[in-house]
Q: 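If you scroll down you'll find the structure; I have some questions about it.
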Amino acid sequence: MSDTEIFDKPKTEPEKKPRKKREMTAEQKEVLKERLKKGRETALKNRQKKALLKKIDREEEEKEKDKKIAKHVLNKKEDDAVGETVLRLRDELKELRAELKEMKKAKEPEKVEEIKIEIEEKKQEMQEVKVIEKKVDFEPEPELIEKPVPTPPVPIPVPKRKVFNTKLGQFVYR
């Protein structure tokens, strides 16, 4: 045999015999159709359950996001409100001081005393607002508070070992 004969021969593939179709009786077909129908119904129920669970999870996530946004907005509004009251009180103080100067010039002692009392009241009010401003701090929800991480135990130092090389071998002292 030469090389050309081996390569030139067409490869003969075994012919596949066509499979016989499985013949089923009408009863068997009905049983299979019923099984198929039942399988499709259970698959539909399972898909609906999964869709409902996903919807519930999305709603819970949205609620958590809304809570976070509301907390941020409320905190910001309170900061703005406190700032506005401080500015309003400062303006009132300036006005009262200006009136006080005018009255001193006009030499009206009764009204001067009244304005001094008002000024003191406004100062106290401003201090109270500043104290409230410092106290305005939301306490985080118990779920959001980070729990303290237990500290790992402190390793006990091991004394170094001393190794001596001799003709007889190594000696280790601890």
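Here the structure is a predicted model, which means the values were calculated and not measured. Excluded from the calculations below are hydrogen atoms, water molecules and symmetry mates; all remaining heavy atoms, backbone and side chain alike, are included.
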Q: Only pairs under 3.5 Å count here: list side-chain donor-acceptor contacts from residues 25-38, not counting sequence neighbours, and write none if there are none.
A:
unit_1, atom_1, unit_2, atom_2, d
Thr25, OG1, Gln28, N, 3.3
Gln28, OE1, Thr25, N, 3.1

Q: Among Lys116, Glu118, Glu121, which residue meets the side chain to side chain contact (heavy atoms under 4.5 Å, CB included) test with Leu96?
A: Glu118

Q: Taking atom NZ of Lys71 and atom CG of Asp66, what is their separation to the nearest 0.5 Å?
A: 14.5 Å

Q: Which residue pairs pass the salt bridge (charged side-chain N to carboxylate O under 4.0 Å, His left out) test when at least one of the two sits in residues 88-98, sequence neighbours left out?
A: Arg88-Glu92, Glu92-Lys122

Q: With ILVMFWY side chains joined below 4.5 Å, transitively, what does Ile117's cluster contain besides itself?
A: none

Q: Which value, rounded to the nearest 0.5 Å, describes the distance between Lys54 atom NZ and Arg58 atom CZ?
A: 7.0 Å

Q: Which of these passes side chain to side chain contact (heavy atoms under 4.5 Å, CB included) with Gln48: Asn46, Leu44, Leu52?
A: Leu44

Q: So among Glu60, Glu64, Lys65, Glu59, which one has a side chain to side chain contact (heavy atoms under 4.5 Å, CB included) with Glu62?
A: Lys65

